[in-house]
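Working notes for the structure below.
Computed from heavy atoms alone, side chains included, the values below leave out hydrogens, waters and symmetry copies. Just so it is clear, the model here is predicted, and its values are computed rather than measured.
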2 protein chains.
Amino acid sequence: MAKNGSYVSEAVIRRMPKYYRYLEDLEKSGVERVSSKELSQRMGLTASQIRQDFNCFGGFGQQGYGYNVSDLKREIMKILGLDRTYNVIIVGAGNIGQALANYTGFEKEGFFIKALFDINPKLIGMSIRDIMIYDLDSLEDFLEKNPIDIAVISTPKDKAQEVADRLTANGIRGIWNFAAVDVAVPRGVIAENVHLSDSLFTLSFRIRESLD
Amino acid sequence: MAKNGSYVSEAVIRRMPKYYRYLEDLEKSGVERVSSKELSQRMGLTASQIRQDFNCFGGFGQQGYGYNVSDLKREIMKILGLDRTYNVIIVGAGNIGQALANYTGFEKEGFFIKALFDINPKLIGMSIRDIMIYDLDSLEDFLEKNPIDIAVISTPKDKAQEVADRLTANGIRGIWNFAAVDVAVPRGVIAENVHLSDSLFTLSFRIRESLD
DNA sequence: ATAATTTTGTTAAAAGATTGTCATATTGAG
DNA sequence: CTCAATATGACAATCTTTTAACAAAATTAT
């Protein structure tokens, strides 16, 4: 996907979902074309950076015209891997696990939650939006019988690594981790750590900073 | 707090909560001292970067010895503004709002949730862990009578900016935003945008990338 | 008590990211 | 059809961040 198989920096990748958000808004508002200048004003970036970013993946624009919103959005979806669907399971049916299962927004982007797992007998057998909560003991069995692409870890932090190990040992190649530890995964497996509290602490840092 | 009032870069700030996490783990394991080298191996950073980071805020270490874990942790807590408490409200008592209200972990760090607000009549009057859900109409009234430091926005995205405006108009200086838009705030107000889906899309980008 | 080892804080160098500039292509107005 | 305006893609310059190197200080071992 990258322009000539060359390396694309972390910073650029992290901006791609943001471009996607803004382009989706533009498309919904019926805007057909957009220049890097206009997009830069909306997004609070420089026009130069936007052009540079898109050019990491190939030239999607046209001189004198700008970028076609729908085309560009489609390209970014391809880049982000949003041109396919993903089967997802959630391990840990506590607060976050349940909230994610209840949220219907990810389905629109192609992420389908197929099951939840927990060790709490009170939760096992229940379902959320018709998604069953299974005993964590049956995790390996389930993974063998169902093609799952992504696993969410929303367990307490002291169980997260153990769960990650079981997931990767059974073929999971993508982990979205909400536990407050960085999980280690073998080469070839992708782990995205969320760390909500890091974000809260950054906020409190800035509040503190703004006071002196 | 910064070494001599000088600017500390975004990149350094974003690493601080991570240091805090690792230092807390070390302290809990009874480790008394740690060198930048050992910490670097645990955290997957370079020792040089760790020393450089800490020196943005003043020298907390000692040559030949390293860093005292408890002292360093305490310093980082001060830097992050975790040496005080914060009163928090949550606007939007849907999936994420409820999950955050149910989660007890933030209290340990000094963040106390005082109220939730929603427009759904079925939710208004209920409570979560003894935290009342109020009518959003009473937001201004509540903010006048209670000293609130931080507001969480967990509304649908089309309501987020309007809520942010009402919050900042009534004295809120810190916003933790979970809605899928970047909220704009006036100077002097800090907004931390979470964007869970950005994180999920980064994961799908990497999965896609790993396939070719 | 002394020497070898450890390890910081600092400075310098290297690497990486962002911004500015400009030639060139396209559009749109007259 | 021609000309001015627009806007990209590429490259160069600047700025930021990370890594490396090292002198100085403290610790540890003998």
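- Rounded to an integer number of Å, the gap from CG of N55(A) to C1' of dT8(D) is 8 Å.
- Atom pair N68(A):CG and dA7(D):P shows a separation of 14 Å (rounding to whole Å applied).
- Atom P of nucleotide dT19(C) and atom NZ of K37(A) are separated by 17 Å, given to the nearest angstrom.
- The CD1-C1' distance, from I50(A) to dT8(D), rounds to 13 Å in whole Å.
- Qualifying side-chain contact (heavy atoms from CB on, under 4.5 Å) partners for A115(A), counting only residues two or more places apart in sequence or in other chains: I89(A), F117(A), Y134(A), F142(A).
- Among residues two or more places apart in sequence or in another chain, the side-chain contact (heavy atoms from CB on, under 4.5 Å) test is passed with K37(A) by S35(A), Q41(A).
- Scored by the salt bridge (charged side-chain N to carboxylate O under 4.0 Å, His left out) test, K159(A) finds no partners at all (sequence neighbours excluded).
- One can place CG of D71(A) at 14 Å from P of dT8(D), the figure rounded to the nearest angstrom.
- Sorted by first then second residue, the salt bridge (charged side-chain N to carboxylate O under 4.0 Å, His left out) pairs that include residues 8-18 of chain A, not counting sequence neighbours, are E10(A)-R14(A), E10(A)-R206(B), R14(A)-E192(A), R15(A)-D53(A), K18(A)-D182(B).
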Next on the checklist: Determine whether F57(A) and K78(A) satisfy the following criterion, side-chain contact (heavy atoms from CB on, under 4.5 Å), listing intermediate values before the conclusion.
Outcome noted: CA-CA 11 Å; F57(A) 302 97; K78(A) 261 197 264 177; over 6 Å; no

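- Counting non-hydrogen atoms under 4.0 angstrom, Y67(A) reaches the backbone sugars and phosphates but no base.
- The side-chain contact (heavy atoms from CB on, under 4.5 Å) check on N102(A) picks up I128(A), R129(A), N95(B), with sequence neighbours excluded.
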Checklist entry - What does nucleotides 16-26 of chain D look like as a protein-contact string, B for base, S for sugar-phosphate only, - for none, at under 4.0 angstrom between heavy atoms? => result -SBBBB--BBB

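- Atom CZ in R33(A) sits about 7 Å away from atom C1' in dT27(C), given to the nearest Å.
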